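Quick notes on the structure that follows.
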Amino acid sequence: MKIQFYNSLTNQHEQFTPLEPGKVSMYSCGPTVYDFAHIGNFRSFLFGDLLRRFFELTDHEVHHVMNITDVGHMVEGESDKMMEAANRVKVNKKSGRVPEGAIENPEDPYQIAEFYTQAFLEDARRLGYKVAYEYPQNVPKATHHVEGANGMIGMIQKLLERGHAYVADDGVVYYSVESFPGYGQLSGNSLEKIQSNAGGRVSEANQSQKKHPGDFMLWKPDQHHIMKWDSPWGVGYPGWHIECSVMARSIIGRDVIDIHTGGEDLIFPHHECEIAQSCGATGEDRFANFWIHARFLFVENEKMSKSLGNFYTARDVFDGKVKVTDENTGELMEMGRSVHPAVLRFELIKSHYRTNMNFTAKGLIDSAQTIDRMVEFRRTLESKIEDDGGQAEVDLSHPVLGEFTAMLADDLNVSGALGVMLPWIKGDHPDPQLSLAVLKKMNSVLSVAPINEGIANAAEEVESESDAAEFEQAQQWANEMDTARQDKDWPTSDAFRDKIHAAGFEVQQTPEGSKIKRKLSV
RNA sequence: GGCGUCGUAGCCAAGUGGCUAAGGCAGCGGAUUGCAAAUCCGCCAUCGCGGGUUCGACUCCCGCCGACGCCUCCA
């Protein structure tokens, strides 16, 4: 099967061949843990997850690594991301988003980072992000990789030795972009074309000590920074870009990896700098063979931002805080209905990673319908299979599964794959065991029906069955509804139906009587 | 100014130099139903605009219009 992706490094589709046959090494830029991760973050992460699961479907052994950026970064002057986070934590504590007692001391960036790391992992696992189940071995923290020869300090030393870095008059260690001819190959920028401060974000003071305006910081001596480490260049903290170069190399154990993923905004400067650092330190001519970037997510046709009021964390969506326009009043109001993680996952992966996807309340409802159908299909198949009926084996030679996979092999064409899957679900299924095997394979990539397909020991974390009592209650009502229907007592029957709906369940008339099922996203 | 992505029905979204332009949602008609829901059957687009290449373009080329991203906080 021909596997091809759009490679940001060359700006074209390229056939993918792993460095080692049958094995794929992947590094994804992870979250900065000074706030809850938002749906835009997860769009990017889940695209990486999809890629990883695709490779597993096609019998590759995947080593996927994603970092946690838990080092505060300089913004301007004395302000620091972690300090901003500290202030936010104080606010969030009041509003209840951060539970009382979760962060004892908001002044301690380590506590803040740890809190948001755990929150991230929880959200990520609910969304079926596989690598989050491999914490900590494949989800390294930047703070654990600062020191030592294989840490950031070691790599900076290496870069100094090899003439790719210098210590400026102010004591800051900079990477010299002019020392690396390949600088700019990812972003398409050349050193001449990189306008100093075109984005208006750099302070003059920081620029003056550099040899070239494009030079970027590797180590900043700063006694006052709360997160600080001893180094040959004084007590201070590392630059932002160096962590990914270091962790990719040390966890994956290769100088050159197969795939590096991230959001499109990371192309420049972050990924450009990673390439310069990694290649500068290893002497290789490339760091990753493939750079694959996900585009930004929009919310109701606008860029997601806090000021527009359309900024959603994953847990905002789970909790039904997505705003919709009220049909009667025209005002924005919260949906007020919880959204199943599988619905959010599906919504975030169903459109191509290289398009600007538009996150909408309507889209969520559409997604819920589709997942409902998949789940229902799976239940139907399972109910037709005798207990202990054994497992049917299926591989990619199965025509439908093969076509589904071929779609994904073409630059992760999820829509195309769904265009194969959904009509197939609608069709006839004379061999439920075989169909179930096919569905499971498909779901090992989509991971929505259920969301934890292929993840060992994940079930109990995702589906909290604490609401089993609610389910019992609803089924009880459904039974009473049946009794009423037998007596042709329609008002009573309708009343029970209303009760069931109000409790968040659907009720279906079947030959075996009324059956209920939980609505995924109501 | 530099670099890059994109423009397919009410919405989401595949795809191809020429067979009926996937699939989903919504909608419409019908079957079914106590009424609904679910389900099933049927209907529902000429591909931003203008030129060119070609026997033939939505698909290739040029121009235009429009949307969006990056150019040192950002997934």
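The sequence lines fix the lettering, A, B, ..., with proteins before strands; numbering per chain opens at 1. Worth saying up front: this structure is predicted, and the values here are computed from it rather than measured. Just so it is clear, the values below take in all heavy atoms, side chains as well, and ignore hydrogens, waters and symmetry mates.
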Q: Take the protein atom CE of Met442(A) and the nucleotide atom P of G23(B), then report the distance between them rounded to whole Å.
A: 15 Å
**Q.** Separation of U33(B) P from Trp490(A) CH2 (nearest whole Å)
**A.** 12 Å
Q. Across all strands shown, which nucleotide pairs with C70(B) by Watson-Crick or G-U wobble geometry, both distances under 3.5 Å?
A. G2(B)
**Q.** Base paired to U16(B) (Watson-Crick or G-U; both N/O distances under 3.5 angstrom)
**A.** none
Q: Using whole Å, report how far CD of Gln185(A) lies from P of C71(B).
A: 19 Å
Q. For Phe298(A), which contact category applies under a 4.0 Å heavy-atom criterion: base, sugar-phosphate, or nothing?
A. sugar-phosphate
Q) For Ala142(A), does its backbone N or O pair with a side-chain atom of Asp70(A) as donor and acceptor, under 3.5 Å? A) yes
Q | Sub-6.0 Å ring centroid separation between His13(A) and Phe5(A) | A | no
Q. At under 4.0 Å between heavy atoms, what does Gln509(A) touch on the DNA or RNA strands: base, sugar-phosphate, or nothing?
A. base
Q.
Ring centres under 6.0 Å, that's the criterion: do Tyr6(A) and Tyr353(A) meet it?
A. no
Q. Aromatic rings His271(A) and Trp291(A): how do their planes relate, parallel, tilted or perpendicular, breaks at 30° and 60°?
A. tilted
Q | Side chain of Asp265(A) (C-beta onward), nearest among C70(B), A37(B), G34(B) | A | C70(B)
Q. Is there a donor and acceptor pair, one atom on the side chain of Asp489(A) and one on the base of G34(B), closer than 3.5 Å?
A. no
Q.
Taking 4.0 Å as the cut-off, does a side-chain nitrogen or oxygen of Tyr6(A) come that near to OP1 or OP2 on U5(B)?
A. yes
Q) Rounded to the nearest Å, what distance is computed from the CD1 atom of residue Ile68(A) to the C1' atom of nucleotide A75(B)? A) 13 Å
Q) What string of B, S and - do you get for nucleotides 9-16 of chain B, 5' to 3', when a contact is any protein heavy atom under 4.0 Å? A) -B--SSS-
Q) Rounded to the nearest Å, what distance is computed from the CD1 atom of residue Ile500(A) to the C1' atom of nucleotide A36(B)? A) 13 Å
Q | Length of the line joining Met374(A):CE and U39(B):P, which is rounded to integer Å | A | 14 Å
Q | Integer-rounded Å distance: C70(B) C1' and Ile267(A) CD1 | A | 7 Å
Q: Could you tell me which nucleotide pairs with G29(B) by Watson-Crick or G-U wobble geometry, both distances under 3.5 Å, or answer none if nothing does?
A: C41(B)
Q) Looking at the side chain of Gln369(A), which of U5(B), C35(B), C25(B) is the nearest nucleotide? A) C25(B)
Q: Return the nearest nucleotide to the side chain of Pro423(A); candidates are C25(B), G23(B), C6(B).
A: G23(B)
Q. Contact class for Asn11(A) vs. all strands (heavy atom < 4.0 Å): base, sugar-phosphate, or nothing?
A. sugar-phosphate
Q: Using both distances under 3.5 Å as the test, list the Watson-Crick or G-U wobble partner of C60(B), or none.
A: G52(B)
Q: Send over the distance from Lys499(A) NZ to A36(B) P, rounded to a whole Å.
A: 24 Å
**Q.** Nucleotide of C70(B), C25(B), G24(B) approaching Lys426(A) most closely (side-chain heavy atoms)
**A.** G24(B)
Q. How would you label the contact of Gly363(A) with the nucleic acid (heavy atoms, under 4.0 Å): base, sugar-phosphate, or nothing?
A. nothing
Q | Selection from A37(B), A75(B), C35(B) that lies nearest to any side-chain heavy atom of Asn41(A) | A | A75(B)
Q: Provide the Watson-Crick or G-U wobble partner of U46(B), both distances under 3.5 Å; none if there is no partner.
A: none
Q: Tell me whether the OP1 or OP2 atom of G4(B) has a side-chain N or O from Ser8(A) closer than 4.0 Å.
A: no
Q. Does the ring centre of Phe36(A) sit less than 6.0 Å away from the ring centre of Tyr116(A)?
A. yes
Q. When you check the phosphate oxygens OP1 and OP2 of C25(B), does a side-chain N or O of Arg373(A) lie under 4.0 Å from one of them?
A. yes
**Q.** Closest non-hydrogen atom pair, Phe54(A) against Leu412(A)
**A.** CB-CD1, 4.2 Å
Q | Pair assignment for G7(B), Watson-Crick or G-U wobble, requiring both distances under 3.5 Å | A | C65(B)
Q: Tell me, please, which residues at least two apart from Ser245(A) pass side chain to side chain donor-acceptor pair (under 3.5 Å).
A: Gln277(A), Ser278(A)
Q | Residues Lys2(A) and Asp410(A) bridged, charged N to O under 4.0 Å | A | no
Q) Is there a Watson-Crick or G-U wobble partner for G34(B) with both distances under 3.5 Å, and if so, which one is it? A) none
